Amino acid sequence: MVSPSATSPRFFNLDEHAYAAAETRCRTLLARMTLAEKIGQMSQFTSDRDTTGPSIREGYQEDIRAGRVGSIFNAFDAGFTRELQTLAVNESRLGIPLLFGYDVVHGFRTIFPIPLAMASSWHLDNVEAAAHIAAREAAAAGIHWAFAPMVDVSRDARWGRVMEGAGEDPLLSSRMASAQVRGYQGSDPRALDSVAACVKHYVGYGAVEAGRDYNSVDLSERVMRSVHLPSHQAAINAGVASVMTSFNTVDGVPASCNPLLLRQILRDEWHFQGPVVTDYTAIMELIEHGVAADPRDAARQAVNAGVDMDMQDGYFLDHLAELVEADEVSAARIDEATLRILILKDVLGLFEAPYRYCDEAREAATLLAPEHRRKAREIAQQSMVLLENNGLLPLSPAPKRLAVIGELADSQADLLGPWHGNGQVQDACTILQALQNRLSDAEVSYHAGVPIHIHDTEPHTNEIAEAATLAQQADVAVVVVGEKEPMSGEAGSRTDLGLPGQQLALALAVIASGTPTVVVTLSGRPLVLTELAQQPAALLHGWWPGSEGAEALVDLLLGEASPCARLPMSFPRNVGQLPLYYGQLPTGRPVFRENPDPRYSSKYIDSPNTPLYPFGYGLSYTHIDYAQPQLDKTTLAGADDQITLAIELTNTGERDGVEVVQLYLRDPVASISRPVRELIDFQRVEIAAGACQRITFVITAEQLGFIGSDLCWRCEPGQFELHIGAHVEDTQALTFHYEP
Ligand code: GLC
């Protein structure tokens with residue numbers, strides 16, 4: 001839980017003098033601009049280089065020439081951005097340069113594992129490093145502005161966009177958000193290996209009803225502030241340059257015309273200084289939401305609520321001038337929005353040197369640099385979660401006869417995942433190729449198994465029999481199953497989280513062949529793997545591991561790297577459990593472990609309440625033993641006091657290991673019902689084989705606080721429990737008192 005202690009965030013990491021100087025320069029330019037030119041700066045359109053939404057505007061180049069565009073997105077490459085920038089700088093009246101934005105979400109050309117996979121690494125430095133490499137590559141290709149990090153907390157894996165975030169927990173999401181902002185923006189806005197970041201989607205998009213994309217969101221303000229806002233605030237406190245509004249309503253009011261979000265919280269409480277851009281045609285969608293009568297009304301509501309830039313629908317361009325003339329939108333509001341956009345361009349150095357990001361030589365030298373690929377491989381190794389291991393893994397010594405099964409084992413595209421930027425399919429080798437290359441003296445056979453279609457009910461009896469026979473003739477079988485890229489991501493909601501098509505039957509038949517089998521699952525979301533989990537097979541979840549994912553997977557299979565990832569999102573036993581998350585309230589009739597099946601308790605009659613694999617869970621190739629944790633005292637006396645928790649970890653295995661030690665809090669009695677567990681800290685610890693390591697956590701009153709029913713942050717006196725361990729269902733408890 002991140003306390004809402006709003007520090008004074010520094011826009012784009014600028015000190016106040018640098019910001020003031022930029023503002024002064026931009027006010028001078030603002031004074032020279034016509035109303036139409038100001039509104040042009042507030043308008044953003046996609047190029048036709050890539051499409052990320054339902055519409056495209058013809059003739060955007062003419063708009064640029066006429067000064068009717070402030071930003072173009074989905075345009076990249078040094079050459080193409082130079083071409084478009086020349087239209088703005090040489091042909092528009094004031095020559096105000098364009099801002100080039102793009103969805104650089106998990107890499108630009110070197111593609112990293114999807115963000116939910118990177119969150120599984122719990123490796124904040126590497127998440128920052130990935131964002132920095134993505135920024136370096138994007139900036140070399142003419143991009144100024146990354147539409148990332150996506151920080152939506154989600155507890156419903158039916159929603160396909162869980163792949164873009166950091167899962168179900170506000171603290172992990174907050175720390176991932178800060179790390180990504182640091183990575184994208186660096187410490188100097190003018191640096192040519194950094195870009196402006198854009199925290200999204202503000203706010204609550206991860207809580208869409210029924211996990212159905214673009215659906216309504218109904219949150220109490222307390223839950224919104226406790227669960228969904230912290231990761232956005234963390235990004236802002238890390239200096240993020242901009243904010244993108246979400247498609248959804250929050251308590252009936254769409255985020256793109258919501259004064260509570262865009263003025264009270266973002267500006268008055270958090271003191272955010274940067275521009276707010278909408279999501280793709282989100283202003284037009286105010287009409288579909290039923291809160292705007294027509295485009296003019298939609299534009300009026302959005303700009304007056306605090307939107308500074310209109311992505312793609314052109315409603316600002318079409319209606320703001322007339323709204324100002326009619327005194328329904330103030331000239332001051334237009335100036336405020338325009339100034340924020342100009343300041344962003346100024347701090348990026350675009351007024352002095354509009355083509356500074358368009359450098360073909362730097363682009364050629366930067367994209368897919370070997371050190372970028374090495375880092376992507378390292379992070380992919382750290383992102384795949386070992387769910388079951390019956391001793392089969394690592395495959396060491398390597399098998400002499402290996403059967404590789406499954407269409408996904410021979411796919412490059414499905415390793416990259418959605419939002420793969422300018423990542424090229426040919427940059428990624430397949431899992432099959434990687435195994436063949438690495439096991440050059442082994443006999444590696446392959447069968448595609450069954451086609452991967454969502455509604456495929458064809459039994460594919462022959463294909464499955466052939467694959468099982470191939471497995472039978474091998475020493476080890478590796479079967480790769482899961483989702484193809486479009487089956488998660490935006491507009492990728494599913495009501496069934498099992499393996500699409502007949503892949504489960506394929507995997508079960510391979511396992512039933514009697515050959516030792518490793519099942520590798522690939523997806524953008526938690527899957528229902530309940531039947532697979534009961535099988536005598538190893539189970540490794542690879543997410544979508546990026547350009548270097550195949551090699552990283554083979555590193556893990558062969559034991560040249562060890563799995564160390566931990567789940568950032570619960571894996572359900574069945575889709576009926578959703579929304580499912582560890583931080584649930586206890587209810588008045590909790591199910592107690594010692595008596596798991598009392599009739600009148602908060603449970604299902606057809607399933608346990610618990611997930612198949614809990615938050616924070618993941619196996620490795622070694623074992624870390626936790627000694628008894630110790631507190632240096634059991635009373636926390638006041639806001640300035642602190643308690644130190646110490647614990648000794650021992651790697652009792654024969655391999656070096658990594659442990660993600662998680663510290664949870666329970667507040668058993670408070671003015672409102674509090675979650676049964678809340679992650680309040682974690683440490684990722686590397687421990688050599690046979691070594692012991694003592695680690696400590698410092699607990700302060702700040703971590704005990706929560707937002708009460710009066711929407712005020714509070715720390716209440718009383719007894720608290722600390723739970724420390726390897727995952728949320730495997731902890732040791734300690735208690736202490738807090739006395740203000
Ligand atoms: C998309 C996504 C958003 C993205 C934007 C621009 O619809 O919702 O995340 O940044 O449009 O591509």
Side-chain angles (χ1 to χ4, degrees), residues 43-57 60 69-76 98-108 114-116 131 134-135 138 143-154 159-166 173 177 180-181 184 195-208 212-215 217 231-232 235 240-249 254-256 274-286 288-289 307-314 417-423 486 488-493 524:
S43 303
Q44 178 185 61
F45 296 107
T46 182
S47 86
D48 49 8
R49 177 68 194 274
D50 192 355
T51 51
T52 55
S55 69
I56 188 158
R57 178 182 173 96
Y60 66 88
V69 186
S71 170
I72 290 287
F73 65 112
N74 294 333
F76 48 85
L98 293 167
L99 202 56
F100 289 111
Y102 194 45
D103 291 288
V104 185
V105 177
H106 55 108
F108 174 72
I114 57 172
L116 190 59
I143 302 294
H144 309 131
W145 189 17
F147 299 146
M150 188 276 214
V151 303
D152 303 332
V153 170
S154 186
W159 189 50
R161 301 196 74 166
V162 295
M163 55 132 310
E164 295 176 56
S173 298
Q180 289 178 80
V181 169
Y184 283 114
V195 294
C198 183
V199 62
K200 68 184 186 183
H201 303 83
Y202 184 68
V203 69
Y205 189 12
V208 284
R212 196 176 80 233
D213 207 355
Y214 315 119
N215 201 359
V217 169
S231 51
H232 290 265
V240 74
S242 59
V243 169
M244 181 185 292
T245 61
S246 56
F247 291 120
N248 54 281
T249 53
S256 298
V276 170
V277 64
T278 68
D279 202 340
Y280 207 110
T281 63
I283 296 177
M284 177 176 73
E285 293 170 21
L286 300 182
E288 295 300 336
H289 278 296
V307 168
D308 300 311
M309 183 179 277
D310 168 13
M311 182 187 284
Q312 192 55 26
D313 52 46
W419 299 113
H420 56 258
N422 191 29
S488 275
E490 183 170 359
S493 294

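Whatever order the structure lists ligands and atoms in, that order sets their numbers, starting from 1. Owing to the predicted nature of the structure, the values given are computational and were not obtained by experimental measurement.
- For atom 11 (O) of ligand 1, the closest non-hydrogen atom on the protein side is Asp279 OD1, 3.0 Å.
- For a threshold of 3.5 Å applied to N or O pairs, the pair formed by Thr52 and ligand 1 contains at least one separation below that value.
- Ligand 1 has no nitrogen or oxygen under 3.5 angstrom from a nitrogen or oxygen of Trp419.
- Distances below 4.0 Å separate heavy atoms of Lys200 from the following atoms of ligand 1: 3 (C), 4 (C), 9 (O), 10 (O).
- Heavy-atom proximity to Glu490, at under 4.0 Å, picks out these atoms of ligand 1: 1 (C), 2 (C), 7 (O), 8 (O).
- Taking every non-hydrogen atom of Tyr280 and a distance limit under 4.0 Å, the qualifying atoms of ligand 1 come out as 7 (O), 11 (O).
- Residue pairs that meet the side-chain hydrogen bond (donor to acceptor under 3.5 Å, both in side chains) test with at least one member in residues 274-284, sequence neighbours left out, are Thr281-Glu285.
- The nearest heavy-atom contact from the protein to atom 4 (C) of ligand 1 is Asp103 OD1, 3.1 Å.
- Contact annotation for Arg161 and ligand 1: only side-chain heavy atoms (C-beta onward) come within less than 4.0 Å of the ligand.
- Ligand 1 has no nitrogen or oxygen under 3.5 angstrom from a nitrogen or oxygen of Glu164.
- Each of the following atoms of ligand 1 lies closer than 4.0 Å to a heavy atom of Met244: 10 (O).
- Atoms of ligand 1 lying under 4.0 Å from any heavy atom of Phe247, numbered from 1 in the order shown and given with element: 7 (O), 8 (O).
- An N or O contact shorter than 3.5 Å links His201 to ligand 1 by distance.
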